[in-house]
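Residue numbering restarts at 1 for every chain, and letters A, B, ... go by the order of the sequence lines. Because only heavy atoms are used, hydrogens play no part in the values below, and waters and symmetry mates are left out as well, while side chains stay in.
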Amino acid sequence: MGFLGGMAEELEARQKHLALSLLKTPQSIKSTKHLRSIHVILLRTSLHRSSFAVGNFITSCANFGLMNYAVQLFDEMPQPNSFVWNTIIRGFQQTHQPRHTLDLFHRMRTTEPVVVPDCFTYPFVIRACTELKEHLRGKCIHGLLFKAGLELDTFIGTSLIEFYGGFGDTISSRRVFDELPVKDKVAWTVMLSSCVNLQAARKLFDRMPGKDLVVWNIMIFQYIKAGDVQNAHDLFALAPIKDLLMYNTVLGGYARHGEVETMLSFFNGMPTKDLVSWNTIIGGLVRDKRVKEAMDHFHHMLSENICPNEITLVSLLSACAQVGALDTGRWLHSYIDRNNRGSSVVVGTALVDMYSKCGDLESANCVFDKLQDKDVVAWNAMIMGFSMNGQSRTTLKLFKRMKNESVVPNEITILGVLCACVHAGFVSEGRELFHSMVKDLGLAPRVEHYGCMVDLLGRAGLLDEAYELIQGMPMEPHIGVWGALLGACKLHKKVELAEIAIKHLNELEHEDGGYLTMMSNIYANAGRWDDVAKTREVMREKRVDKLRGCSSIEVNGEIHEFGAEDKAHPRLNEIREMIDEILSRLRVAGHVASRNEVFFDVEDEEKDKALLYHSEKMAVAFGLIVTAKGTVIRVVKNLRICGDCHAVMKLVSKSFEREIVIRDRSRFHHFKNGCCSCGDYW
DNA sequence: ATCTGTAATC
C-alpha cells in the first residue's frame, strides 16, 4: 500500500470533491457527457450512499431527460430519505412520465421504512393525476394532504387549482383558491387560467389587483378559447402594454376561428414576428386548405432567417396530406433531410401520413421503417395508410408486428384495422377484433367503432346483425352509424330497414343532405315513385345543400380544382377534347356509360351529361394533358367516386397506360392496367 | 403562470 494507496485515496477524494461541486450547481453540468462521468464517479466511490449527491444527481438527470441513470442509483440506495424520494418523483413528473410519478409515490408510502410525503412531494403527484386525468385518485391525494395537515402554499395550491380546472370543476378550484392563506400573483394567474367559465374568468379578472401583462394575456386567451374573438380583440385594444405574446394570442384567435383575411392583415400589421407568429399564420392557412399560400409564407419565413421547428413542418405536411400535394410534400421531405438530420418521431409520423394520404405507400413505408422509437401515433399513421390504400392483408400483418414489438394499441389503432376489414370484407376478422379490443386490450368501443362494424356487416349483407348491433349499443348511435346502415340498405336493396335508418337520421339534426338523396335513390330503385317524390319534397323543404363534387390535382406544386360541370378552368376546351378522346377510346373498348349511376350517385352530382363531366373525370383528363407520359396521375375527391367514373378509370389506366390514384372521401383507388386495388368492393 | 403542431369510422 503505502505510496500507491495514498495516491488512489487522494484521487478518489479529488473525484468526489469534483463531482460534489458540480452537483451543487446543476447549471455547471452542460452535457450528457458530464452527467455520465459523474454517474461513473458516484458508482465508483462512496458517494452513491450520499443522499445529497444522489438527490442532486437525479435532478440533473431530469434536466437532461435521462431518468434511467437516476433510477439505477436510486434503486441501489438502501434507505432513501425524503429528499431523495422527492427528487425522483419530481424527476419523473418533469420528464412527463406521470405513471412513474404515481408509482413512486405509492412505493414511497408503502416501502419500509415509510417516508412521509411533504409539501415537496404533493404538487408533482397532483400534476401527474391531472395529466393522466385520474380524477378519483387526485381527489384521494387531496384528501391525504389535507389529513396530513400541511399548510396550503402556492405550490400545492396551484397544482390543485389546475387539477380541478382540468376537469372543468371551477367550483373546487375556487374553493382551494379561497382557502389559500397567502394569495400571490402566481396563485391569481393560475386561478384565472383554470376558469372554464368565461364569466367567472372575467369576474376574477376585474377583481384582480395590479394586473400585469401575463394576466391580460390569459384573459384574452380565455375569450379566444371560448370562441369570442371580438371581445378578445377589444380587450387587446384596451391593454396598457402589449408584447409579442399578446399579438400572437390574438393572431391565433383569428387562425383558430377561420377568419383568415383578418388574420393576414393583423399579421402584416404586427410590429415584430417570431417563430410562433409564423407557425400560427401557417397553421391558419393550412386549416383553410390554402397550401400554396402556406408554402409561400414558409419561404418568406426562411428568407427572414427564421428557422422552422417541428410544429412548422408538421403543419405544412398535414396540409399536403389534406389536399394530396405530393410534390410539395416531397420537397418538404427533402428539406427536412437536408436541414434536420435525424428528424423526430412526430415529423416522421407526419411524413408517413402525408405519403399515405397522397397514395404513395412505398415512400410512406420507407420513412416508417427508418423511424426510431416509433410510438402508437406513428404505428397508427402507417396502419391507417395501408388500410385506406386498400392493402388490408398488410394492415393486419402490421398490426400483429406492432403488438410483437410491444407497442400498446389504442382505440385509433383498432379503428384503422377495422377500417381495413371493411374495405376487404373481412367479416370474421373484424368481428374478432371488435370483441378482442374489449377482452384483451381493455378498450371501450366508441361510436366510431360501432360505425365501422355496422359498415362491415352491412356491406357484407349481414343487415340483421348490423341492426342488432346498433340496438345493443351502450351509447346513442350517431349519424355515422345510421348512415352506414343506410348505405348498406342501398347496396342490398332493403327498403324497410332503410326507412328506419332515415327516420333516425332525420331526428339527428345534421347538415348533410346526402342521406336524403340516398333514400330517394333507394325508393327509385324499388320503383316507389310516390316516395321518391315525397323525399324530394322533404329535401326542398329542408333546403338541404347538396355537397358539390370537387376533385383536385397537383401539378408543379399548384393545386388545380375541378367542380362537377365546372366551367372555370382556363384550359377547359382542351379538357373537353380530352374527355371526348377518352370516350371514343372507351366506345372502342365496349364501355357503355351506366346511366343508373346518374341516378344512384350517392351525393347526386346529377343529371345526364353531368356524368361525363364528373369532377374526377375532368381532373384526370387535365392530368393526362399536362403531365408527362408514364407519371402517375393523382387525384383527390371530396365525395365518393361513382360507379361510372370507377369503370372509366379502369379503362383509362389500360388504354392510356397510366397509373391513376384517386383518393375519395373514404379511401383510395389505385387503377393500374385496367384493374383497381379495391377489387371493385367499395 | 399566458401563444404555434401529429394518427380518426360514414
Exercise for review: For A/Met382 and B/dA8, give me the distance from atom CE to atom C1', rounded to whole Å.
Suggested key: 16 Å
Point to revise | Between B/dA1 (P) and A/Gln222 (CD): distance, integer Å | key: 16 Å
**Study point:** Proximity to the side chain of A/Ile412 - top-ranked nucleotide from B/dT9, B/dA7, B/dC3
**Key:** B/dA7
Check your understanding: Closest to the A/Asn248 side chain: B/dT2, B/dC3, B/dT9?
Key -> B/dC3
Review point. Quick one: which of B/dG5, B/dT9, B/dA7 gets closest to the side chain of A/Ile311?
Key: B/dG5
Check your understanding: Between A/Met354 (CE) and B/dT6 (P), how many Å, whole number?
Key -> 15 Å
Review point. When we call it a touch if two heavy atoms are under 4.0 Å apart, what does A/Lys357 touch: a base, just sugar-phosphate, or nothing?
Key: sugar-phosphate
Review point. Would you call A/Glu499-A/Lys494 a salt bridge at under 4.0 Å N-O?
Key: no
Practice item. Give the nucleotide from the list B/dA8, B/dG5, B/dT9 with an atom nearest to the side chain of A/Glu310. Key: B/dG5
Review point. Taking only N and O in the side chain of A/Lys242, is any of them less than 4.0 Å away from OP1 or OP2 of B/dC3?
Key: no
Review point. Of the nucleotides B/dA7, B/dT2, B/dC10, which one has an atom closest to the side chain of A/Asn217?
Key: B/dT2
Point to revise | Nearest-0.5 Å distance that lies between atom CZ in A/Phe399 and atom OG1 in A/Thr394 | key: 15.0 Å
Study note, to complete from the structure: Quick note, A/Val214 side chain, CB onward, closest among B/dT2, B/dC3, B/dT6 is B/dT2
Check your understanding: Does A/Arg287 have a side-chain nitrogen or oxygen under 4.0 Å from the phosphate oxygens OP1 or OP2 of B/dG5?
Key -> yes
**Study point:** Nearest heavy atoms of A/Leu443 and A/Asn410, plus distance in Å
**Key:** CD1-C, 3.7 Å
Review point. Hey, is A/Asp360 close enough to A/Arg330 for a salt bridge, meaning N to O under 4.0 Å?
Key: yes
**Study point:** For atom CD1 of A/Ile218 and atom C1' of B/dC3, their distance in whole Å
**Key:** 11 Å
Practice item. Using a heavy-atom cut-off of under 4.0 Å over every strand shown, decide if A/Val346 touches base, sugar-phosphate, or nothing. Key: base
Check your understanding: Between A/Leu516 (CG) and B/dC10 (C1'), how many Å, whole number?
Key -> 15 Å
Review point. If you look at every strand shown and take non-hydrogen atoms under 4.0 Å, does A/Ser193 touch a base, only sugar-phosphate, or nothing?
Key: nothing
Check your understanding: Has A/Arg446 got a side-chain N or O lying under 4.0 Å from the OP1 or OP2 atom of B/dA8?
Key -> no
Review point. What's the CZ-P distance between A/Arg431 and B/dT9, to the nearest Å?
Key: 22 Å
**Study point:** Separation between CE of A/Met519 and CG of A/Leu505, rounded to the nearest 0.5 Å
**Key:** 10.0 Å
Point to revise | Qualifying residue, where the test is side-chain contact (heavy atoms from CB on, under 4.5 Å) with A/Phe368 and the options are A/Ile383, A/Leu398, A/Thr349 | key: A/Leu398
Review point. A/Asn410 has a side chain; which of B/dA1, B/dT4, B/dA7 sits nearest to it?
Key: B/dA7
Check your understanding: Taking atom P of B/dC3 as reference, at what distance in whole Å does atom CE of A/Met246 sit?
Key -> 13 Å
Check your understanding: Which nucleotide in the set B/dA1, B/dT2, B/dA7 lies at the smallest distance from any side-chain heavy atom of A/Asp212?
Key -> B/dA1
Review point. Using a cut-off of 4.0 Å on non-hydrogen atoms, how would the nucleic acid contact of A/Val314 be classed: base, sugar-phosphate, or nothing?
Key: sugar-phosphate
Review point. What is the nucleic acid contact for A/Arg459, judged by heavy atoms within less than 4.0 Å: base, sugar-phosphate only, or nothing?
Key: nothing
Practice item. Looking only at side-chain atoms of A/Ser318, point me to the closest of B/dC3, B/dA8, B/dT6. Key: B/dT6
Study note, to complete from the structure: The nucleotide from B/dT4, B/dA1, B/dA8 with an atom nearest the side chain of A/Glu162 is B/dA1
Check your understanding: Any idea how A/Tyr335 and A/Phe298 line up, ring-wise: parallel (<30°), tilted (30 to 60°), or perpendicular (>60°)?
Key -> perpendicular
Exercise for review: With heavy atoms under 4.0 Å as the rule, sort A/His449 into base, sugar-phosphate or nothing.
Suggested key: nothing
Check your understanding: Can you tell me how far P of B/dA8 sits from CG of A/Asn380, to the nearest Å?
Key -> 9 Å
